[in-house]
Amino acid sequence: MATTGITHTVTLIPGDGIGPEITRAMQTVIAASGADINWEIQQAGEASFEMSGELLPQAVLDSIRSNKVALKGPLTTPVGHGFRSLNVTLRKELDLFSCIRPSQSFHGTGARYEDVDIVLFRENTEDLYAGIEFEQGSEGVRRIAEVVADLGAGDIRDDAGLSLKPISVFGTRRIMKAAMDYAVANGRKKVTIIHKANIMKHTDGLFLRVCREVAAEYAQSAPEIEVDDWIVDAACTRLVTNPELFDVLVCPNLFGDIVSDLCAGLVGGLGIAPGANIGDDFALFEPVHGSAPSYAGQNLANPTAIMLSAVMMLRHLGEQNAAERVHKAIAEVIAEGKVLTYDLMRMRYGTTDGASSTQEYADAIAERIVG
Ligand code: NAP
């Protein structure tokens, strides 16, 4: 097997809900690829809280800082109350500013489209996702409301909660550069800026302006890359009706979160949507989906998204050959349509009867790789 022969130590966070079972399935497949990965297992989220009372122990961050590369399963975040997202904390702590989410069709999924190939770049550290929030009735809301009123910028009701939306020149430049560099390196044709600059002129307006400035800097060296822009709502409609119009997308944080799930839906759903969070120093790979608590512990969930995240990780580590073999085996098993998890079964045949378990599906892919 043509691998680099290098042993790569990677931090592995199995995560919550379906995380541990899809992680095991992913490890089966990566082991079959021949890539020599030494998984350094670290617990975060519910598993860690039960053991140590901590949701994100310092050891997790130390491990990622030392290994530079991590792969994680989903982590649960309480809705509307409780602690801040650990995913957001990890991205901010490690300055993983670039979130890359490819949505590529696999033949035979039965998804709405069979020829989608979109790669979305989501700014990962700013915007409404920055976590700068003030609770209803707090001192923060009161003082900000005073300043806003003093400046004649509008009224904020005294029973409001507040989330701030910072978007900076610095943050925008680096995500647009990442998208343009990716487009150039991967022979892509177009980068589309997604925004709501008609309404939020000083945040999305800044995002659009700075992205265009960066694009102009590439005009001489990469004239083959077309750059256009779409308002997010119109872009959503057009993505659903004509996904072939899109190639590389670059989005502020919140729109990137939402539009990437939409793109996942075009090619077959969250079960097959991978992602990477990349900064200057560290890389953390993870599926787009969450912990799907209603499927936890049942060996039913689709592990493709975390397997494809591991494929992205293998490419990042220079293990191209192993990456391509895993990708090809996944594509073949899906195309064959015999061993499929419940979601793939439902999409292709309209029934979950005869669905395979998480691990049976992984074993079929592993056999395909070694056979
Ligand atoms: P979710 O966990 O992504 O699940 C939503 C639905 O997507 C599932 O009910 C299932 O749909 C489908 N799905 C997701 N993963 C799948 C898989 N591997 N195989 C097959 N189907 C899959 O979203 P959620 O229920 O809104 O969120 C649950 C928790 O996860 C929340 O606490 C949220 O904050 C967290 N979350 C974490 C991350 C992360 O760690 N990066 C990302 C997103 C959400 P069907 O039932 O229709 O089959």
Side-chain angles (χ1 to χ4, degrees), residues 12-26 29 42-49 55-56 60 70-92 94 96 99-101 103 106 109-111 120 122 124 129 131 253-254 256-265 267-277 284-310 312 330 334 340-352 355-362 365:
L12 179 62
I13 305 167
D16 299 324
I18 59 172
E21 54 214 272
I22 59 170
T23 297
R24 266 191 304 279
M26 175 280 298
V29 163
Q42 293 287 338
Q43 299 296 348
E46 287 162 357
S48 150
F49 193 75
L55 287 160
L56 186 60
V60 177
L71 180 59
K72 72 173 268 297
L75 293 170
T76 295
T77 311
V79 176
H81 64 90
F83 59 85
R84 274 195 188 151
S85 163
L86 302 176
N87 303 304
V88 174
T89 306
L90 275 168
R91 293 168 197 160
K92 289 191 81 175
L94 301 167
L96 303 169
C99 175
I100 307 168
R101 293 182 164 178
S103 295
F106 283 97
T109 54
L120 184 145
R122 163 187 176 190
N124 229 3
Y129 245 91
N253 204 341
L254 180 63
D257 180 51
I258 299 165
V259 174
S260 60
D261 272 39
L262 185 155
C263 291
V267 298
L270 289 172
I272 61 172
N277 302 284
L284 184 152
F285 299 83
E286 62 175 340
V288 172
H289 65 70
S291 54
S294 59
Y295 297 101
Q298 297 178 53
N299 197 23
L300 287 176
N302 187 347
T304 307
I306 196 167
M307 288 175 183
L308 292 173
S309 304
M312 294 176 83
I330 292 171
I334 292 176
L340 299 175
T341 49
Y342 83 91
D343 55 324
L344 294 172
M345 203 75 186
R346 185 176 62 192
M347 199 162 37
R348 178 151 175 181
Y349 301 113
T351 172
T352 57
S356 301
S357 72
T358 306
Q359 196 58 42
E360 284 166 346
Y361 175 75
I365 294 167

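Both counts, for ligands and for their atoms, begin at 1 and track the order of listing. The first residue in the sequence is number 1, and the count goes up from there.
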Tell me the protein heavy atom at minimum distance from [atom], and give that distance in Å.
atom: atom 30 (O) of ligand 1; value: Ser291 N, 3.0 Å
atom: atom 3 (O) of ligand 1; value: Gly290 N, 2.7 Å
atom: atom 18 (N) of ligand 1; value: Asn302 O, 2.9 Å
atom: atom 14 (C) of ligand 1; value: His289 CB, 3.6 Å
atom: atom 47 (O) of ligand 1; value: Arg346 NH2, 3.4 Å
atom: atom 41 (N) of ligand 1; value: Glu286 OE1, 3.1 Å
atom: atom 9 (O) of ligand 1; value: Tyr295 CE1, 3.7 Å

May I ask you to check if ligand 1 and [X] share an N or O to N or O distance below 3.5 Å?
X: Thr76; result: no
X: Tyr342; result: yes
X: Leu75; result: yes
X: Ala292; result: yes

Would a 4.0 Å cut-off, counted as strictly less than, catch a protein heavy atom around [atom]?
atom: atom 36 (N) of ligand 1; value: yes
atom: atom 6 (C) of ligand 1; value: no
atom: atom 12 (C) of ligand 1; value: no
atom: atom 45 (P) of ligand 1; value: yes
atom: atom 24 (P) of ligand 1; value: no

Please check if any side-chain donor atom of [X] sits under 3.5 Å from a side-chain acceptor atom of [Y], or the reverse.
X: Thr304; Y: Tyr361; result: yes
X: Asn124; Y: Lys92; result: no
X: Asn299; Y: Gln359; result: no

Shortest non-hydrogen contact between [X] and [Y], atoms and distance:
X: Tyr342; Y: Ala355; result: CA-CB, 3.6 Å
X: Gly17; Y: Pro20; result: O-CD, 3.3 Å
X: Gly19; Y: Thr23; result: O-OG1, 2.7 Å

Approximate separation, where rounding is to 0.5 Å, of [X] [atom1] and [Y] [atom2]:
X: Leu75; Y: Leu56; atom1: CG; atom2: CG; value: 8.5 Å
X: Met345; Y: Leu340; atom1: CE; atom2: CG; value: 6.0 Å
X: Ile365; Y: Ile334; atom1: CD1; atom2: CD1; value: 7.0 Å
X: Tyr295; Y: Ile22; atom1: OH; atom2: CD1; value: 13.5 Å
X: Ile272; Y: Ser103; atom1: CD1; atom2: OG; value: 8.5 Å

Side-chain (Asp16) to main-chain (Glu46) donor-acceptor, under 3.5 angstrom: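 Checked: pair present.
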Heavy-atom gap Asn87 to ligand 1 smaller than 4.0 Å: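 In this structure, Asn87 qualifies as a contact of ligand 1 - some heavy atom is under 4.0 Å.
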Close approach of Val288 to ligand 1, heavy atoms, under 4.0 angstrom: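 Under 4.0 Å: yes for Val288.
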Atoms in ligand 1 flagged as close to Ile18, the criterion being non-hydrogen separation under 4.0 Å: 18 (N)
For Pro74, the ligand 1 atoms whose distance to one of its heavy atoms is below 4.0 Å: 40 (O)
Side chain, backbone, both or neither: Pro293 near ligand 1, heavy atoms under 4.0 Å: side chain
Thr77 contact mode with ligand 1 (heavy-atom cut-off under 4.0 Å): both
Any side-chain heavy-atom pair of Asp343 and Arg348 under 4.5 Å: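 No, too far: nothing below the 4.5 Å cut-off.
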